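Please read all numbers here as calculations on a predicted model, not as lab measurements.
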Amino acid sequence: MLSHKHHTYHLVDMSPWPLTGSISAMMITTGLVKWFHQFNIDLLTLGLLTTVLTMIQWWRDITREGTYQGLHTKRVVSGLQWGMILFITSEVLFFFSFFWAFFHSSLSPTIELGACWPPTGIQPFNPFQIPLLNTAILLASGATVTWAHHALMESNHSQALQGLSVTVLLGLYFTALQAMEYYEAPFSIADSVYGSTFFVATGFHGLHVIIGSTFLSVCLYRMYMNHFSAKHHFGFEAAAWYWHFVDVVWLFLYISIYWWGS
């Protein structure tokens with residue numbers, strides 16, 4: 001007869017969501033290829049829809065495990081914290097490659113670029129217009145998410161909700177301004193290495209802002225539903241860590257690409 005050893009780890013139940021998530025990711029990838037070559041978005045739309053459904057149901061299961069079933073013990077939360085730290089570290093290296101490409105080209109511009117930076121014919125953005133406003137917005141959002149975090153640790157539910165709501169709104173405002181900036185850009189991703197490094201670096205950062213805003217929106221709903229307590233709120237803490245990472249990356253982007261690079 002086998003005896004079950006009692007331990008503090010959480011051995012998750014069998015779940016279909018990793019499989020559906022993988023299939024959805026494959027549909028998005030192939031759907032993008034189909035969109036680029038055949039101008040058909042059916043497969044891409046289906047992939048995005050199944051990804052959203054997978055996210056909702058997977059997060060529902062994790063919320064149930066951590067909030068109602070008490071399966072997220074201190075040791076489990078410690079593992080989640082280290083997982084988030086390693087994930088953010090991988091994201092730092094991800095953006096490091098874009099900065100490497102930018103400085104590799106800008107510190108020693110080739111003859112093909114006109115031996116100058118920005119390259120001949122490129123009209124860069126004024127760093128003291130929308131980019132500076134976006135910098136102020138993200139810095140303010142970092143302050144409001146910290147306000148929400150401290151309010152939560154002090155069991156001040158109303159202030160935590162207010163701070164997190166303002167953070168989500170600032171994230172959406174940033175995304176809207178960046179979309180407007182892209183729409184009015186005097187150059188494109190096809191305009192030499194300047195265009196490609198600019199749009200890839202700022203575009204992936206914009207994608208991370210959208211992901212972070214989604215992350216914080218889910219936390220806002222969970223906070224409204226009283227899923228978090230003063231001592232048990234790592235879901236929100238992870239979102240705050242991610243948002244601070246997004247803020248810091250933007251500061252490097254603004255200083256190097258928008259200000260110095262212009």
Check the side chains of [Y] and [X] for a donor-acceptor pair under 3.5 angstrom, ignoring hydrogens and angles.
| X | Y | value |
| --- | --- | --- |
| D61 | T63 | no |
| S141 | T167 | no |
| N226 | H157 | yes |
| H227 | Y68 | yes |

Take the angle between the ring planes of [X] and [Y] and call it parallel below 30°, perpendicular above 60°, tilted in between.
| X | Y | value |
| --- | --- | --- |
| F234 | W241 | perpendicular |
| W250 | F174 | perpendicular |
| H72 | H232 | tilted |
| Y242 | F245 | tilted |
| W260 | F102 | perpendicular |

4.5 Å side-chain heavy-atom contact, Q178 and T202: yes
Contact check, side chains of L44 and K34, non-hydrogen atoms, under 4.5 Å: no
Qualifying residue for ring-ring contact (aromatic ring centres under 6.0 Å, His included) with F204, from F98, F99, F95, F198: F98
